[in-house]
Amino acid sequence: PVPGAQVSVTAPAARGPVITGAGGYFTLHDLPVATEVAVLVTATGASPLTLSVVLDYRQPVNQQTFFLDL
């Protein structure tokens, strides 16, 4: 887990950033109504991570696992 990382949606509409907790978890609220969003994850000492995440609005919770290069 990477505590203190910043996570934000950059497209199609900006949301966040939020900070990961001690366990590396985070919650982003009010995501854009889109099938796919661009996510940016940054942390001190790690290379920034940009990725596309497909959202499934039929699921009450969309969970993803990210790995940062430290």
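Side-chain atoms are counted along with the backbone in the values below, which use heavy atoms only and exclude waters and symmetry mates.
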K.L.:
Who pairs with Q64 by side chain to side chain contact (heavy atoms under 4.5 Å, CB included), at least two apart in sequence or on another chain?
P.N.:
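With sequence neighbours excluded, Q64 shows a side chain to side chain contact (heavy atoms under 4.5 Å, CB included) to V53, F66, given in chain and number order.
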
K.L.:
Looking at residues at least two apart in the chain, or sitting in another chain, which of them share a side chain to side chain donor-acceptor pair (under 3.5 Å) with D69?
P.N.:
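Testing D69 for side chain to side chain donor-acceptor pair (under 3.5 Å), a comparison that skips the adjacent residues, returns none.
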
K.L.:
Can you tell me which residue pairs pass the salt bridge (charged side-chain N to carboxylate O under 4.0 Å, His left out) test with a partner in residues 40-64, sequence neighbours excluded?
P.N.:
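Of all non-adjacent pairs touching residues 40-64, those that pass salt bridge (charged side-chain N to carboxylate O under 4.0 Å, His left out) are D56-R58.
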
K.L.:
Tell me which pairs pass side-chain hydrogen bond (donor to acceptor under 3.5 Å, both in side chains) where either residue lies in residues 32-48, with sequence neighbours left out.
P.N.:
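Applying side-chain hydrogen bond (donor to acceptor under 3.5 Å, both in side chains) to every pair that reaches into residues 32-48, excluding sequence neighbours, yields E36-S52.
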
K.L.:
Give the cluster check for L55 versus V39: same hydrophobic cluster or not, with ILVMFWY residues linked at side-chain heavy-atom distances below 4.5 Å.
P.N.:
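Yes, same cluster.
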
K.L.:
Tell me whether V54 shares a hydrophobic cluster with Y57, the cluster being built from Ile, Leu, Val, Met, Phe, Trp, Tyr side chains joined at under 4.5 Å.
P.N.:
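They do not share one cluster, since no chain of ILVMFWY contacts under 4.5 Å joins V54 to Y57.
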
K.L.:
Check residues 16-33 and write down every donor-acceptor pair under 3.5 Å in which the side-chain atom is one partner and the other belongs to a residue at least two apart or another chain.
P.N.:
| residue | atom | partner | partner atom | Å |
| --- | --- | --- | --- | --- |
| T20 | OG1 | V2 | O | 2.6 |
| T20 | OG1 | G4 | N | 3.0 |
| T20 | OG1 | A5 | N | 2.9 |

K.L.:
Return each pair, listed once, that meets salt bridge (charged side-chain N to carboxylate O under 4.0 Å, His left out) where at least one residue sits in residues 8-21; pairs must be two or more places apart or across chains.
P.N.:
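As it turns out, there is no salt bridge (charged side-chain N to carboxylate O under 4.0 Å, His left out) pair with a partner in residues 8-21 once direct neighbours are skipped.
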
K.L.:
For A46, which residues count as a side chain to side chain contact (heavy atoms under 4.5 Å, CB included) partner, sequence neighbours excluded?
P.N.:
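Partners of A46 by the side chain to side chain contact (heavy atoms under 4.5 Å, CB included) criterion, ordered by chain and then number, come out as A43, L68, L70.
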
K.L.:
May I have all residue pairs that pass side-chain hydrogen bond (donor to acceptor under 3.5 Å, both in side chains) and include part of residues 3-13, sequence neighbours excluded?
P.N.:
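Passing the test, one end in residues 3-13: no pairs.
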
